[in-house]
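Everything below concerns the one structure shown next.
Lettering follows sequence order; numbering is per chain, from 1.
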Amino acid sequence: MAKGLPKRSEDYSLWYNELVKKADLAEHSSVRGCMVIKPYGFSIWEKMQAALDKMFKDTGHSNAYFPLFVPKNLFEAEEKNAEGFAKECAVVTHYRLKNDPDNKGKLIVDPDAKLEEELVVRPTSEAVIWSTYKNWIQSYRDLPLLINQWANVVRWEMRTRLFLRTAEFLWQEGHTAHATKNEAVDETKQMLEVYADFAEKHMALPVLKGVKSESERFAGALDTYCIEALMQDGKALQAGTSHFLGQNFAKAFDVKFAGKDGKEDFVWGTSWGVSTRLMGALIMAHSDDEGLVLPPKLAPIQVVIVPIFKGEEQLNAVSEVAHKLRKELLTDDISVKFDDRDTSSPGWKFAEYELKGVPVRVAIGPRDLENGTVEIARRDTKEKKVMPITEASGYIKQLMTDIQENIYSRALNFRTDNTTEVDTYEEFKKVLDTKAGFVMAHWDGTSETENRIKEETKATIRCIPLNFKEEAGKCIYSGNKSEGRVVFARAY
RNA sequence: CGGGGCGUAGCGCAGUCCGGUUAGCGUACCUGGUUUGGGACCAGGGGGUCGCAGGUUCGAAUCCUGCCGCCCCGACCA
């Protein structure tokens, strides 16, 4: 076990918190509920950003940037959206401080600098963006408008957790406008596919695609599509959402366009986002009691070379071999760190890089020099192999793919093992309390039933799966008729 | 917002009940030396307004009053 890292089986929550801190991903800041993302953590986020950004651009989107502040009157415009977020908004009321006349060296808010209209710190940007789109869109020729922004948003959450729920978080939010309903629906679904693809191919995280029930829907949307992932403790995590907004925001902000036929109509909208919460998903899905396990595609360092040496002479000899291997790997676009610091021991470095989730570790020592070998260890299985140096780079290159696939299939197997079909409410509760995970059950389609189940068991409908199977049955709660199973789980 | 906990060196903590040497331990850090195939060892060294503000006392990290902050569990939420 890594030094000081609690075991998952003993306290999953504590394990997670400690891992985030010990692996140098993030720490609590001096501001309640806000975190500092440290360089190592941020470089993982940057890799996620880069991959997602490319996927957005490949699907025709462009980046732009809109302001952090939303004047209150704009924020109010789409009533449901405003109502949904009102309880968690930070609000700017003043624009100046001044010296406290009664307390030298201290500042107070200058009462004379009160804003005529308060500014809401964006919890999401629909309001600012749609008020801008009004000016950008006149004709069908201006459509579709496909914009994404990378930004920070603030939601004054009562209880926060590093990455999973912080008062301020980083995300991207796509906001698109279309001439027809179908086109907007297609966009909504397309972006859900992009997210699912990203989660599975890059994060090695299998996700369920589905639609939210009415009560879980984004405030102001007609439909919310989502990807849902399963964490190692059996709890679900919403990893991304894509909303079909209908004409709600177009109507609220009066965004109309002239069609080919000369008729005016409101545009159709979508919005979609993923956040630094993905970091939480990544950490919780794959890591173990030794520390992080990162998929090669997102690992800031993919391979670390640790030299074992006594004295400068040996270090030089080992370095020569190490540099050569490093160069070979770099030409294959594999990022390599050669840690030749003589300030900590090899054993210390082994543990450190395991904690940080580096997928492959290469150790080279005098013994290897003699035999023309290296020792290669993979993080996901902890398997170690000694092999001729000549075969190392080919093997490592293959490992990049193997590890990526292995942790994906491990997560997929876990999900399969922890997805249970139940037919009675008794069974349902029993599964939740004994193994948790996704529970597939019949539901009568009403919010009343959904709410009661939530109150009694804390489980919510994660989604109505996109691959919904028509299957006549009875709702586990009400006994009323149901047309198929939906996905329940306790969630983060 | 309810419940619990914490605030003492960069980090992790003890000391607080029962006031009394120079506030201590682990780790990290600095110096020197020996080490290096799974978190090395020895010796020496630096680092503290004990969360803040008042009060009690000859004397406060310790007792009293007030305040502030953070964390965890729950309700709410991405």
Checklist entry - Would the number of heavy atoms belonging to other residues, nucleotides or ligands and lying under 6.0 Å from CH2 of A:Trp156 be above 12? => result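 Not buried by this count: 12 neighbours or fewer within 6.0 Å.
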Item to check | Basic-acidic side-chain contact under 4.0 Å: A:Lys382, A:Glu290 | outcome: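 Judged by the 4.0 Å cut-off on N to carboxylate O distance, A:Lys382 and A:Glu290 do form a salt bridge.
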Item to check | Salt bridge flag under 4.0 Å for residues A:Lys310 and A:Asp342 | outcome: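 Result for this pair is no, no salt bridge flagged.
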Item to check | Side-chain (A:Asn406) to main-chain (A:Tyr408) donor-acceptor, under 3.5 angstrom | outcome: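 No, because the side chain of A:Asn406 does not come within donor-acceptor range (under 3.5 Å) of the backbone of A:Tyr408.
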Remember a base hit wins even if backbone is also touched, and classify [X] as base, sugar-phosphate or nothing at under 4.0 Å, heavy atoms.
X	result
A:Glu157	base
A:Phe169	base
A:Leu237	nothing

Item to check | Strand RNA chain B in bracket notation, Watson-Crick/G-U under 3.5 Å with | for pairs to another chain | outcome: ((((((((.[[[[.)....(...]]]].((((((.....)))))).....[[[[[..)....]]]]])))))))....
Next on the checklist: Could you go through A:Val362 and A:Ile364, starting from their C-alpha distance and side-chain angles, then the distance that decides it, and tell me whether this counts as side-chain contact (heavy atoms from CB on, under 4.5 Å)?
Outcome noted: CA-CA 7 Å; A:Val362 180; A:Ile364 308 174; 4.0 Å; yes
[X] [atom1] - [N] [atom2] separation (whole Å):
X	N	atom1	atom2	value
A:Lys22	B:rA28	NZ	P	14 Å
A:Lys87	B:rC1	NZ	P	15 Å
A:Glu456	B:rA75	CD	P	14 Å
A:Glu27	B:rG12	CD	C1'	15 Å
A:Lys21	B:rG12	NZ	P	7 Å
A:Lys349	B:rA40	NZ	P	11 Å

Write down the distance separating the [atom1] atoms in [N] and [M], rounded off to the nearest Å.
N	M	atom1	result
B:rC17	B:rU65	P	14 Å
B:rC70	B:rU16	P	28 Å
B:rG20	B:rA61	P	10 Å
B:rC18	B:rU22	C1'	23 Å
B:rU21	B:rC13	P	26 Å
B:rC50	B:rG32	C1'	33 Å
B:rU56	B:rC64	P	15 Å
B:rG7	B:rG59	C1'	25 Å

Next on the checklist: Are the side chains of A:Tyr425 and A:Ile453 in contact, using a 4.5 Å heavy-atom criterion?
Outcome noted: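 Touching, per the 4.5 Å side-chain cut-off.
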Item to check | Pairs involving residues 23-44 of chain A, ordered by first then second residue, that meet salt bridge (charged side-chain N to carboxylate O under 4.0 Å, His left out) (sequence neighbours left out) | outcome: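 Of all non-adjacent pairs touching residues 23-44 of chain A, those that pass salt bridge (charged side-chain N to carboxylate O under 4.0 Å, His left out) are A:Asp24-A:Lys38, A:Asp24-A:Lys356, A:Glu27-A:Lys38.
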Next on the checklist: Tell me if the centroids of the rings in A:Phe338 and A:His323 come within less than 6.0 Å of each other.
Outcome noted: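 Yes, ring centres under 6.0 Å apart.
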Checklist entry - Does the gap between the ring centers of A:Trp272 and A:Phe56 come in under 6.0 Å? => result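 Yes - the distance between ring centres of A:Trp272 and A:Phe56 falls below the 6.0 Å cut-off.
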Checklist entry - How does protein contact run along nucleotides 68-74 of chain B, one letter per nucleotide 5' to 3', with B for base contact, S for sugar-phosphate only, - for none, heavy atoms under 4.0 Å? => result --SSSBB
Using nucleotides 35-38 of chain B, report all nitrogen or oxygen pairs with the protein that are shorter than 3.5 Å.
from   : atom 1 : to       : atom 2 : distance (Å)
B:rU36 : OP1    : A:Lys310 : NZ     : 3.4
B:rG37 : O6     : A:Gly365 : O      : 3.3
B:rG37 : O6     : A:Pro366 : N      : 3.2
B:rG37 : O6     : A:Arg367 : N      : 2.5
B:rG37 : O6     : A:Asp368 : N      : 3.1
B:rG37 : N1     : A:Asp368 : OD2    : 2.5
B:rG37 : N2     : A:Asp368 : OD2    : 3.2
B:rG38 : N7     : A:Lys384 : NZ     : 2.9
B:rG38 : O6     : A:Glu354 : OE2    : 3.4
B:rG38 : O6     : A:Arg361 : NH1    : 3.3
B:rG38 : O6     : A:Arg361 : NH2    : 2.6
B:rG38 : N1     : A:Glu354 : OE1    : 3.4
B:rG38 : N1     : A:Glu354 : OE2    : 2.7
B:rG38 : N2     : A:Glu354 : OE1    : 2.7

Item to check | For A:Lys189, salt bridge (Lys or Arg N to Asp or Glu O under 4.0 Å) partners two or more places apart | outcome: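 Applying salt bridge (Lys or Arg N to Asp or Glu O under 4.0 Å) to A:Lys189 gives none.
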Item to check | Results of ring-ring contact (aromatic ring centres under 6.0 Å, His included) for A:Trp443 - residues two or more places apart only | outcome: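 A:Trp443: no ring-ring contact (aromatic ring centres under 6.0 Å, His included) contacts found.
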Item to check | A:Arg361 NZ/CZ over A:Phe350 ring centroid, <6.0 Å and within 45° of normal | outcome: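 Relative to the ring axis of A:Phe350, which defines the angle, A:Arg361 lies inside both limits.
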